[in-house]
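Please read the structure below before turning to the comments.
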Amino acid sequence: MRFLLVEDERKVASFIARSLRENSYAVDVAESGEKALGLVTNATYDLILLDIRLPNLSGVEVCREIRDAGIETPVLMLTARSLVEQRVEGLDAGADDYLTKPFALAELHARVRALTRRGFHKGGPKLHTADLELDRPRRTVKRGANNIQLTFKEFALLELLMMRSPDPVLRSEIIEHVWSHGFDTETNIVEVYINRLRQKIDQGHPARLIHTVRGSGYRLGLPER
Ligand code: CA
């Protein structure tokens, strides 16, 4: 899952971004509406967190432009308590939900989960492939009866593979959704993480679930006969 956070206050932005990254989301930060509009036309995001009070272009204007461009990514508006009219304006401009500052991180994560489930985040709270189960709210993974401990990035990678199963996921899509914009795509980071997942998920099992699709990426599922 890859998010765009649009927030001009650097401290607030880094606080929110850090918390999201700790929950396995990849986060790009834009400090202005103009920069955000440039990014959304060049990348696919699963969620946009949009501060309403930005210099120059306001959050409401940015939201309207995003929708006018035909981009349907869920938008979570970050608003100030006193500005009821701005909140209404934000929803009218195409925002899906709003969160009033200051907010508790638990509330932010609850909204994020609700919004991402509606869109690209198909499949509900639990994903299943063969005897593998991934529980999104609990952030746990089991194969058969065995609990598997995964790091944040390993979890995000597995979640992406399970969402797309039985279809393959391109290496470039993995970089885009699990790591952030501007990540060096020449590194072998994806291969490293796939190997770690294989050790944790497939080692010792007769049926391998992670398969390399030659020249393009990876696929999760039972072996093709
Ligand atoms: Ca602001």
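What you see is a predicted model, and the numbers here were worked out from it, not measured in a lab. All values below come from the heavy atoms of this structure, side chains included, with hydrogens, waters and symmetry mates left out. Read the numbers this way: they start at 1 and go in the same order the structure lists the ligands and their atoms.
- The O atom of R53, the Ca ion (ligand 1) and the OE2 atom of E9 define an angle of 160° (nearest 10 degrees).
- Residue contacts to the Ca ion (ligand 1): L78 brings no N, O or S atom closer than 3.0 Å.
- Remark: R53 does not engage D8 in a salt bridge, criterion side-chain N to carboxylate O under 4.0 Å.
- Salt bridge status for R143 with E133: absent, with no side-chain N to carboxylate O gap under 4.0 Å.
- Around the Ca ion (ligand 1), the angle linking D51 (OD2) with D8 (OD1) is 100°, rounded to 10 degrees.
- Salt bridge absent: D167 and R219 never bring a charged side-chain N and a carboxylate O closer than 4.0 Å.
- Residues L5 and A13 come closest through the heavy atom pair CD2-O, 3.4 Å.
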